[in-house]
Amino acid sequence: MHSDRAPLGLKLAAAAGLLFLHLPILLIFLYAFTTEEKSYQFPPPGLTLKWFAVAWHRADIWPPLWLSLQVATIATALALILGTLVSAAMAQSRFFGREQISLLILLPIALPGVITGMALRSAFSVMEIPYSVWTIILGHATFCIVIVYNNAVARFRRLSGGILEASADLGANSFQTFRHVLLPNLGSALLAGGMLAFALSFDEVIVTTFTAGQQSTLPIWMLQELVRPRQRPVTNVVAIVVFAATVLPILIAYYLTRGGADTAGAGK
Amino acid sequence: MTTAAILPERGPGDRLTAIFWRHPRLLLVLLLSPPLIWLGLVYLGSLAALLLQSFYSIDEFSGVVKEEFTLKTYAELFRAQNLDIILRTVLMAGAVTLGCAVIAFPIAYFAARFARGRWKALFYLGVMLPLWSSYLVKVYAWKLILAKEGILTWAAEHTGTSIILDGVLALPGIGGNSLSTSPIGTFLVFVYVWLPYMILPMQAALERVPVSLLEASADLGAGRAQTFRSVILPLALPGVVAGSIFTFSLTLGDYIIPQIIGTSARFIGLAVYQFQGTAGNLPLAAAFAVVPIAIMLVYLAIAKRMGAFDAL
């Protein structure tokens, strides 16, 4: 009765499930070329390339794009430093409160974004902190730490403690061991974590709406266009840019951590 | 002779290394303090501010936040219209979780049991890409699909299944003018967006079901359906529960999807957003934000009892 061949029904259901996950995105691409700008008519009455030029010349797109890049870069850098530090500590030793710390790191991403956002908003209100680029970065860096941490801690786990001892036995001090042994081994995991953190920050919208004040990042710009559409195909062009800016880092991260495929993004 | 084995100190780096070697706790403290100060101050501090804010109230006449301890704001949550919001959100979260579990199972099961080599990588990437790729772009794609003039209506017309589509839309309570303005639409998009979060823990749990047990079950005369029911399902359950933590929690707090797709009926996330924004009622928004935390704490306690944390 039991065989190693999958039953046909299961194959079909699995394939249908994967298609369900991927086909919708293709429509984003199709609608960027439609000549119809007032509705989402299918099939598109005609195809045109003009929306790419229109999007390029729209002055309201560039500042959000710039802001998003800026926020994602700084938030990723902060998350890289904090995430690496905490993963090094957690990998090295067992100590009191270890479980609680791993819960604390996970919490900003395990709780719904609206809670993180509302919590930050309350804190800014209680402490009378005015909104700025830095309030956005503060939120983003907080939920990006866990991404870097997950990647780094998985690599630490695979790294044999022996090579650190060997380095010490050969006369290297902590800093030399870090520079010549730890960093080269950790590098690709950190890069992968950084890539994922960047992707996450670049398209984050829920926490950002609570911490941004008057500024808009690219996802906030997109959200406004979704609620009150103007030139619909232009939104599609921007959506393609956002999609590319998240998918490319994910693919790079995947190839960087392929050996330990099961660890790459476990528990976003 | 013994002193010759000790290398001479070459500067501050060596000296610090020696200190770390003698006091391993010192290095630990140095490594841990920056991230803990950040998370403790920024995150826990904010959560504390959220709690604090929820115990304040708003002056009904001036609209100014009164900074005095009161339970008045929490009492407001129990008004009929606010209870409605909470109930609607919890029902939707439950339905989405079930929907995700049903669609995720075949994918997770195939990937865990039958996919090998390149197929395994394809399945992995096929789930990871939608998991990480832009949330907003995915929601937007569904606005295009579900629109009245969109691809689904077109497909229904060309396959002669318009009757089914119209029938579904005519259902009281969950139907609507078009899919993009009906609760069914909201449900579909939620299921789509959170599906990968269900697949991954499910697959991890299924991979740990030993093949020998399936063989034993077959040897003892069980058919496919029976093996599935009495061997695979109980063993995979912790994975399903682990996945449901994500789908349930994410649906509870989301406010973008119901805003873009569905009726204008409010969900908890949307209520939080509107109370803190246009309504300017920060205390009530904070109290509303505490609701999903409370629900999730109960949910996590149950999940823990069912062994979901071992499957994460």
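Lettering of chains follows the sequences in order, A, B, ..., and the numbering in each one begins at 1.
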Please look at [X] and chain A and tell me whether the side chain, the backbone, both or neither of the residue comes under 4.5 angstrom of a heavy atom of that chain.
X	value
B:Ile256	side chain
B:Ala121	both
B:Leu44	side chain
B:Arg15	neither
B:Ile260	side chain
B:Leu152	neither
B:Gln259	side chain
B:Ala285	both

Can you check whether [Y]'s main-chain N or O pairs, donor with acceptor, with [X]'s side chain at less than 3.5 Å?
X	Y	result
A:Ser201	A:Ala197	no
B:Glu207	B:Ala204	no
A:Thr34	A:Leu30	no

**pair B:Ile295-B:Phe248: side-chain heavy atoms closer than 4.5 Å** = yes
**Asked** Between B:Leu16 and A:Phe175, is any pair of side-chain heavy atoms under 4.5 Å apart?
**Response** yes
Max heavy-atom pair count under 4.5 Å with chain A, selected residue of [options]:
options	value
B:Leu30, B:Leu32, B:Leu252	B:Leu32
B:Ser217, B:Ser33, B:Pro34	B:Pro34
B:Ile103, B:Leu250, B:Leu36	B:Leu36
B:Ala289, B:Pro283, B:Pro292, B:Ser249	B:Ser249
B:Val290, B:Val272, B:Asp219	B:Val272
B:Ile268, B:Leu144, B:Ile107	B:Leu144

Toward chain B, the part of [X] with a non-hydrogen atom under 4.5 Å:
X	answer
A:Glu225	neither
A:Ile145	side chain
A:Tyr31	side chain
A:Ser122	both

What option among [options] has the most heavy-atom pairs under 4.5 Å with chain B?
options	value
A:Ile105, A:Val242, A:Ile101, A:Ile206	A:Ile206
A:Ala14, A:Ala172, A:Gly17, A:Ala123	A:Ala14
A:Gly113, A:Ala245, A:Ser174, A:Ala199	A:Ser174
A:Val227, A:Thr116, A:Ile115	A:Ile115
A:Asp203, A:Thr235, A:Val126, A:Leu251	A:Asp203
A:Pro43, A:Ala119, A:Ala88, A:Pro112	A:Ala119

**Prompt:** Taking atom types as modelled, is there a side-chain donor on A:Thr211 or A:His140 under 3.5 Å from an acceptor on the other?
**Reply:** no
**Prompt:** Would you say the side-chain atoms of B:Trp38 and A:Thr142 include a donor-acceptor pair closer than 3.5 Å?
**Reply:** yes
Using the ring of each side chain (for Trp, its six-membered ring), is [X] parallel, tilted or perpendicular to [Y], with breaks at 30° and 60°?
X	Y	result
A:Phe202	A:Phe198	parallel
B:Tyr109	B:Phe228	perpendicular
B:Tyr273	A:Phe210	perpendicular

Please find out if less than 6.0 Å separates the ring center of [X] from that of [Y].
X	Y	value
A:Phe143	B:Tyr43	no
B:Trp142	B:Tyr192	yes
B:Phe267	B:Tyr255	no

**Request:** Tell me, please, whether A:Tyr40 has A:Arg232 positioned over its six-membered ring: NZ or CZ under 6.0 Å from the ring centre and within 45 degrees of its axis?
**Result:** yes
